[in-house]
Each structure stands twice: as C-alpha cells, then as structure tokens.
Amino acid sequence: VAYERGEWMRAGLPAMVAVAMRNLINRVDVVLIGPLSTLTEVGYYGAATRLANILIVPQMILNSVMSPRYARHYYSGNAPALRRDFRRTLVYSAATALLPAALIIPVAEWAMVTTMGEGFREAGPLLALLLVGQTVAAFVLGPQQLLVMTGHERRLLWINTAALVVNMALNVALIPAMGAMGAAWARLAALVLIAAAIGATTLSILRNVPPPPAEGPRGRGAGDDGGG
C-alpha cells in the first residue's frame with residue numbers, strides 16, 4: 001500500500017502542478033491588463049473570455065470519459081485501441097470546437113452585442129481572436145490527458161511551465177501598446193506552443209505503446225519514463 005501511495009504521489013504531484021500552470025495561463029492575462037492598460041480593456045477582455053470559454057466545455061466532458069480508456073489501452077499494450085480512441089477525440093474536437101468557431105468568428109461583433117450589450121461592440125475582434133485560441137485549446141485537451149494517463153506528467157509540467165513564461169513575457173510586452181488584443185495574442189502564442197510540444201509528445205506515445213504485459217495488469221506507474 002505504501003508503495004502504491006508513493007507511486008500515485010509521484011504521478012499526481014507533477015500532474016497537479018502542470019494543471020496549475022495551465023490555469024495560470026488562463027488567468028495571468030486578466031490580472032496584467034488592469035495595471036498595464038485600462039479598466040475598459042479589462043471589461044472587454046473579461047466579457048469576451050467568458051464567451052470564448054464555452055467552446056471547450058464539450059471537450060472537458062469528453063475527457064472525463066476518455067481519460068480512463070487511454071490508461072487502460074496504454075498499460076494493456078492495446079495500441080490500435082488507443083490510437084482509435086485518440087482519433088475519435090480529434091474528430092469530436094473538430095465537430096464541437098472548430099465548426100462552431102468557424103460560424104461565430106465572422107459574426108463576433110454581433111455575438112458580443114447580442115450577449116453583452118451595445119457597449120461591447122468594440123470587443124468583437126477580441127472575441128474572434130480568443131475563439132481562435134480556444135479552438136487550439138480544444139484540440140490540446142485530449143492530448144494533454146493522454147500525457148497524464150500514460151505516465152508523462154513531468155513532460156506536461158515542463159511544457160506548461162515554458163508556455164507560462166512565454167505568455168507572461170508577451171503579456172508584459174504587448175498589453176501596454178495593444179491592450180486586451182495584446183493579451184489575446186499572448187494567450188494564443190502560449191497555446192500554439194503547448195499544442196506543438198504536446199503534439200510531438202503525443203505522436204511519440206502513440207508510436208511507442210509498450211507491449212502487452214507478460215502476466216497480470218500493469219501498475220499505474222509502469223512504463224513511466226519520468227516525463228523527461
């Protein structure tokens with residue numbers, strides 16, 4: 001029992017910190033807009049962000065279903081099933097994020113006025129850019145869970161930490177000149193960085209699924225490369 005507890009702690013702590021880093025990316029821009037720009041920009045950004053965040057709700061629901069399937073397929077050595085479920089996740093993300101974003105972005109100004117009022121008309125371009133970012137985020141959620149459920153938590157931690165540093169630096173550089181749009185560009189840059197790094201790691205995982213265990217089910221920590 002003590003061994004299992006230690007294994008879960010070694011897996012759970014990096015995953016928890018990685019999620020914290022990801023949440024900071026979603027919050028630090030809001031915090032920095034205030035001192036670096038105006039309260040009007042804060043209001044625009046907060047309103048547009050709330051609308052854009054709706055885009056990733058379906059992926060969050062899907063991950064609660066797919067995460068245990070990833071772990072089961074990986075640790076049982078069932079590479080075809082793992083790849084099949086991952087492809088399904090990407091198709092679902094395209095249907096629930098890419099298509100809605102493609103429909104909303106051209107009428108982003110109308111969406112802001114309709115949901116938030118006439119005073120938010122100028123936030124239309126901001127919403128459009130944030131929707132692009134959330135579309136990237138929607139495609140990242142599935143691969144992110146794949147890393148967590150296959151013992152690559154530390155790698156995810158390093159990716160998210162690097163993206164947070166880039167995000168904060170870009171926020172400080174762009175917000176004074178561009179306001180909320182600068183924050184949106186900073187967030188998009190961080191998300192693209194995360195998507196590229198996680199995407200490369202995901203391809204490696206899918207290509208190198210360990211063979212089925214010789215006897216009995218493998219433990220949660222088996223096959224963990226330490227995420228390095």
Side-chain angles (χ1 to χ4, degrees), residues 13-33 36-37 45 48-49 52-60 62-63 66-67 70 86 89-90 92-94 96-98 101-102 105 125-208 225-228:
L13 185 59
M16 181 180 68
V17 179
V19 171
M21 295 296 103
R22 183 68 177 82
N23 287 335
L24 281 174
I25 293 174
N26 292 336
R27 301 289 186 271
V28 69
D29 43 14
V30 178
V31 174
L32 290 175
I33 293 174
L36 296 177
S37 188
Y45 196 82
T49 299
N53 284 346
I54 297 174
L55 205 63
I56 64 171
V57 172
Q59 283 73 38
M60 295 173 66
L62 176 67
N63 279 334
M66 300 303 292
S67 292
Y70 292 153
F86 186 74
T89 299
L90 294 182
Y92 182 87
S93 296
T96 59
L98 187 60
I105 287 174
L126 177 61
L127 173 61
L129 184 55
L130 287 171
L131 284 171
V132 174
Q134 289 303 87
T135 301
V136 175
F139 280 94
V140 165
L141 285 176
Q144 176 177 285
Q145 287 303 111
L146 181 66
L147 265 65
V148 171
M149 302 307 293
T150 57
H152 297 79
E153 303 88 357
R154 290 179 179 84
R155 192 168 300 177
L156 178 63
L157 171 58
W158 285 112
I159 291 171
N160 284 355
T161 300
L164 176 61
V165 172
V166 170
N167 178 253
M168 292 182 67
L170 288 176
N171 271 306
V172 172
L174 298 178
I175 290 175
M178 302 175 65
M181 286 295 289
W185 279 112
R187 179 183 288 199
L188 178 59
L191 288 170
V192 169
L193 174 61
I194 291 172
I198 289 182
T201 304
T202 298
L203 288 176
S204 177
I205 293 171
L206 294 176
R207 290 170 179 169
N208 297 283
D225 67 354

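Side-chain atoms are counted along with the backbone in the values below, which use heavy atoms only and exclude waters and symmetry mates. On a predicted model such as this, the values are computed, not experimentally measured, just so you know.
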Participant: One pair to check against side chain to side chain contact (heavy atoms under 4.5 Å, CB included): T135 and L55. What are the steps and the verdict?
Facilitator: CA-CA 7 Å; T135 301; L55 205 63; 3.5 Å; yes

Participant: Would a 4.5 Å heavy-atom cut-off, applied to side chains only, mark T201 and I159 as touching?
Facilitator: yes

Participant: Search all heavy atoms of S204 against all heavy atoms of N208 and return the closest pair with its distance.
Facilitator: O-ND2, 2.7 Å

Participant: When rounded to the nearest 0.5 angstrom, what is the spacing between OG1 in T202 and CZ in R207?
Facilitator: 11.0 Å

Participant: What are the two closest heavy atoms between Q59 and Y92, and how far apart are they?
Facilitator: NE2-O, 4.1 Å

Participant: Would you tell me whether S37 and Y45 have side-chain atoms, one donor and one acceptor, within less than 3.5 Å of each other?
Facilitator: no

Participant: Does any pair with a residue in residues 159-169 pass side chain to side chain donor-acceptor pair (under 3.5 Å), and if so which ones, sequence neighbours excluded?
Facilitator: N167-N171

Participant: Calculate, to the nearest 0.5 Å, the distance between atoms CG and CD1 belonging to L131 and I54 respectively.
Facilitator: 9.5 Å

Participant: Where do L147 and I205 come nearest, in terms of heavy atoms and distance?
Facilitator: CD1-CD1, 3.8 Å

Participant: Counting C-beta onward and ignoring hydrogens, is there a side-chain heavy-atom pair between V30 and R27 closer than 4.5 Å?
Facilitator: no

Participant: I want to check something: taking the side chain as every heavy atom from C-beta on, are L98 and F139 in contact at a cut-off of under 4.5 Å?
Facilitator: yes

Participant: To the nearest 0.5 Å, tell me how far N23 CG sits from L164 CG.
Facilitator: 10.5 Å

Participant: Apply side chain to side chain contact (heavy atoms under 4.5 Å, CB included) to residues L206 and L146 and explain how you reach the verdict.
Facilitator: CA-CA 10 Å; L206 294 176; L146 181 66; 4.1 Å; yes

Participant: For the atom pair OG (S67) and CG (L62), what is the distance rounded to the nearest 0.5 Å?
Facilitator: 8.5 Å

Participant: Is a donor on one side and an acceptor on the other found under 3.5 Å between the side chain of R187 and the backbone of D29?
Facilitator: no

Participant: So, for A190 and I25, which heavy atoms are closest and what is the spacing to 0.1 Å?
Facilitator: CB-CG2, 4.2 Å

Participant: Looking at CD of Q145 and CD1 of I198, how far apart are the two atoms once the value is rounded to the nearest 0.5 Å?
Facilitator: 10.0 Å

Participant: Please report the shortest heavy-atom distance between T89 and G142, naming the atom on each side.
Facilitator: CG2-CA, 4.0 Å

Participant: Rounded to the nearest 0.5 Å, how far apart are CE of M181 and CD1 of I33?
Facilitator: 11.5 Å

Participant: State, to 0.1 Å, how close L32 and M168 come at their nearest heavy-atom pair, and which atoms those are.
Facilitator: CD1-O, 4.5 Å

